[in-house]
Amino acid sequence: MAQVSSGIYLLAIFCCIIFGKGASEYGVKAPGVTGRGHVIIGGMFPIHRGVEKNDSSFEPRSHTCFGLSIRAVALLLAMINAIDVLNESPLLMDLNITLGYRMQDSCSDVSTGLRATADFLEQAKCGTEHASSTCDQPVVAILGSAFSEMSIVVARQLAIDMIPQISYSSTAVILSDKRRFPSFLRTVPNDEYQTAAMAKLIKLHGWNWVGMVISDGDYGRSALEHFAAQAAENGICLAFKSIIPHTATGEMLRTAVRQTVQTIFQHPKAQVIVSFTKSFHMKDVYEEMRNETLRKGRSIESMRRVWFASDSWSTSADMQDDQILKDVGHVVGFNFKTGNLSSFNKYLDRLEATGYNDTWNNTFLEELFTLKNNSDFSNVASEVVKVIKQSINPATILSVELAVAAAAQAIATLCRSRDCTTPGKLQPWEVLEALRLNEFDSQGKRHVFDNQGDINQGYDVAIWKSRNGNIDVHDIVAEYNPQTNSFTPTKSNITDSFQDIKHIISKCSNSCMPGEFKKTSEGQHTCCYDCMNCTENYYSNDTDMDQCLSCDKNAEWSSQGSSICLPKTSLFFKWQDPLAIALLVFSALGILLVLMVSALFIHQRHTPVVRAAGGPLSQVILYSLVVSFISAVLFVGQPDSLQCRARQILFGISFTVCVSCILVKSLKILLAFQLNIDMQGALRKVYQSYLIVVACVAVQVVICICWLVLKSPYKHVILQPKSMLENCDEGSNLAFGVMLGYIALLAFVCFVCAFVGRKLPQRYNDAKFITFSMLLYIISWVIFVPIYITTTGEYLPAVEMVVILISNYGIIGCHFLPKCYIILFRKAQNTSSAFREKLYQYNVKCTDSFSVSGSSVSEKQHSCQQSVRHSPSSSPEKDYVKPEVEKYYSNRDSFKISYRDNHKLIDRFGFHRRSISF
């Protein structure tokens, strides 16, 4: 039986001439090719491209087929070879069974295909009680058909008896619905994956304006539906969709093709076109595009496009014309995965060697040999094999072999437990069950039908090339994996694989650049838009963005039409600012000057000048000024909440200490020289210098604590269009004002007291300096308040810093520098005798002024005598005036005061035991 099958597979010519004319009479549909075996597998192939129909006849009849498809003949031969190989394999030989075949021509016509299906159904009943008299071996599975339109019709018929149908190239998505097509299987993926792959690749190239051409029918319309959905998900718009009638012929077909070409030329921006059509339809479209281009006097370049070819024509021999490729532009073909064709090529080689021998049962191959023989070839067999090899689609050949392998292994699985040599022992529905549940092997790989009845191996993506005057459609540049929806380049990266087409633009509108966004008018495609600049504080950092992104307004900004957000500039009183550097230098010099004065005063602490300056209190004033200078430094730099609190509190308390000490000095001067003698006794009892300082400072401490607890200063950021102003918010302006107002109140009291005693002896009296320093402080802070309220910006802290430095330097310059000058450069004046001499001169001046002015003797006398009695000395024991001064006073008529009387006054007020120092 193996030798018989081998002869059958070679299929030469000259037998059954009648069958070469097409179909037999209606109702007597004879098979085109048969091969005997224990189990029969049917095959349906579109051996011819159409049928000749007489529209004027109402009589039901079969029609003559025309247009032999060499590619379909190749598929038929591939099925025969696959069965031959399996019959000689251990899989079937161990079971002592063989496979036969019964093949029909659908002629690419639904009615003819249904007649072929009826023949398969009749044969499937062989071996049963419903068998006809013409029965042969039963058909348990059918391979086919090629086109989805045919497979859908056939599958509905076969589903009645659950006869398994395995298609090798029907890809319509609807066939995966097992509720409607329960017995349909296929060895290729459905078009949902192919359209997804196309949409993915189009998006990778940045195209979003594409056209689509389809052949009418379930295949084309299903592809259109799913591609439109996939395109929408990837931001791709369909510029147009053109449908070529599937059954149109003659003038109707030419009209449809002409309308398709007109539509293509009316959308010049759609440089990418997806095509799910028959190969002969695409050839007609290309020819019409060329003719239209020449008629309009356009250049050939104007007709070139990027064509995405579906599996139905991506490897078609009809398109392999070099001149066509130059005209049409670029073709990106999608096809099923390929395999090893060595077995089929060996079969064709044997066919070429055998020639006309053993061809009695293959009418289709006979017809092909007849055509080539009429062309007067010297070696017809060689020419036939050459044409077949040129027409091979390796992917579809693999699909046919997979289908045969699946059926064979399902049959072998069932026949291991039963006798399959007897007709009727193996039912088609059992084969269907085995197909759905079991894995099978082909070319060393394991395969299984998924829940939808499909085998999905992915796709090969090929770029058509022109080599040696011919089109090479096998230049595979990438593989598509449906599970991951990704491409794997076969040569280099995915972009380089499409080097020739990556610069092509297919968009309705030009790309919006970074800094712009797409604005779509109402009623337009989303891919047709105007490019608008992003507004301020918005940006777009990619092309064709649907909307601009918002900058972080707290830290970023952007101008109109920006592609990035710029960080906002932080504005604060920076360390490197020239004004800040100058003020810091003054602060540092102030601290250094204070420390030098402190050291000098400590060294000269027993001298009259230091004692007159306040003694220990002068050190308190000096170190409070150090803290005040330090607080001024805190006004520079990027602020934080702790710094905001510290700088105001440090200044407020430190300067309060300073002014409190000055207030004590002012009160001493007033108490020593200006107060009524009767009041001195009472005031002397309550006058405690350190307690006064502590009390004054305590009030300020309470104010600051309340400020910190209730609403303390904190860092505040003021957002500006291009910057962030970082400053300190005082928290409570009322508390800030109370703190400054309290210092101003103490300063005012000092000013009043000092102003009253401004004419007293200079060696004993700092009243003039206190008056000037307090006046300077009050004026500077009075000026500060309106400036501080009205000023904004990074230099606001500098305003307060300047006022603090003025206040500090005012106290240093008025209180300490004159004394330092005496200590360093007028040492003769820094003695007790010099102080008494100055007191003497002051008293003489008082006496003379009394005589001239005629003032009240008792009042002037009282004042001047106090000056004498309370003159400071180096020790309590010498708390009396010089004999010269006593003599001077005893000789004046206005003052008859003896030394004894003066001594009694000193004893009365107790000042002879206490030297008043300032």
Side-chain angles (χ1 to χ4, degrees), residues 586 589-626 628-629 655 657-670 672-674 689 747 750-780 805-842 845 867 871-874 915-918:
F586 277 107
L589 290 177
I591 294 173
L592 179 62
L593 182 60
V594 168
L595 294 177
M596 291 174 62
V597 171
S598 175
L600 179 62
F601 271 40
I602 292 174
H603 182 264
Q604 299 289 328
R605 61 186 177 277
H606 299 300
T607 62
V609 170
V610 175
R611 290 168 61 85
L617 282 180
S618 63
Q619 295 296 324
V620 176
I621 296 174
L622 289 171
Y623 286 108
S624 66
L625 289 176
V626 171
S628 182
F629 277 119
F655 210 79
V657 172
C658 179
V659 175
S660 299
C661 294
I662 295 174
L663 177 60
V664 170
K665 291 179 61 177
S666 301
L667 292 176
K668 279 187 177 182
I669 295 171
L670 195 62
F673 293 102
Q674 291 295 313
S689 58
C750 291
F751 171 77
V752 172
C753 294
F755 183 80
V756 173
R758 67 189 182 282
K759 295 183 179 181
L760 297 178
Q762 292 183 358
R763 293 293 184 271
Y764 301 86
N765 185 20
D766 286 338
K768 292 181 180 179
F769 298 117
I770 294 174
T771 302
F772 182 75
S773 64
M774 292 299 103
L775 183 61
L776 181 63
Y777 170 82
I778 293 172
I779 292 175
S780 62
L805 293 179
I806 291 174
S807 302
N808 292 348
Y809 273 104
I811 293 175
I812 294 173
C814 295
H815 289 266
F816 296 100
L817 293 185
K819 294 177 175 53
C820 293
Y821 177 78
I822 294 174
I823 294 172
L824 296 175
F825 304 106
R826 295 290 187 267
K827 296 182 179 180
Q829 297 180 8
N830 191 19
T831 62
S832 298
S833 59
F835 268 72
R836 292 191 181 95
E837 180 65 26
K838 196 65 178 178
L839 180 60
Y840 168 75
Q841 294 176 3
Y842 173 78
K845 182 178 179 181
S867 300
S871 61
S873 60
S874 58
S915 174
I916 300 176
S917 60
F918 314 113

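In this chain, residues are counted from 1 in sequence order.
With sequence neighbours left out, the side-chain hydrogen bond (donor to acceptor under 3.5 Å, both in side chains) criterion links S689 to no other residue. Among residues two or more places apart in sequence or in another chain, the ring pair (Phe, Tyr, Trp, His ring centres under 6.0 Å) test is passed with F629 by Y809. Scanning for side-chain hydrogen bond (donor to acceptor under 3.5 Å, both in side chains) contacts around S773 gives H815, with sequence neighbours left out. For the side chain to side chain contact (heavy atoms under 4.5 Å, CB included) test, residues two or more places apart in sequence or in another chain that qualify with S628 are S631, F651, S654, F655, I804, N808. For Y623, the ring pair (Phe, Tyr, Trp, His ring centres under 6.0 Å) test picks out no residue, with sequence neighbours left out.
Taken from CG in L622 to CG in L595, the straight-line distance is 9.0 Å, to the nearest 0.5 Å. I779 contributes atom CD1, which lies 11.0 Å from atom OG of S807 (distance to the nearest 0.5 angstrom). Taking CG from L593 and CD1 from I812, the interatomic distance works out to 5.0 Å, rounded to the nearest 0.5 Å. I811 contributes atom CD1, which lies 7.5 Å from atom CD1 of I621 (distance to the nearest 0.5 angstrom). With rounding to the nearest 0.5 angstrom, the OG atom of S624 is 8.0 Å from the CD1 atom of I662.
V659 places none of its side-chain heavy atoms less than 4.5 Å from the side chain of Y777.
In this structure, S780 and I806 approach most closely via the heavy-atom pair CB-CG2, 4.2 Å.
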For residues 600-609, which side-chain donor-acceptor pairs fall under 3.5 Å, sequence neighbours excluded?
unit_1 : atom_1 : unit_2 : atom_2 : d
R605   : NH1    : I602   : O      : 2.7
T607   : OG1    : Q604   : O      : 2.7
T607   : OG1    : N830   : ND2    : 3.3

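A donor-acceptor pair is defined here as one N or O able to donate and one able to accept, closer than 3.5 Å; no such pair exists between the side chain of S598 and the backbone of V594.
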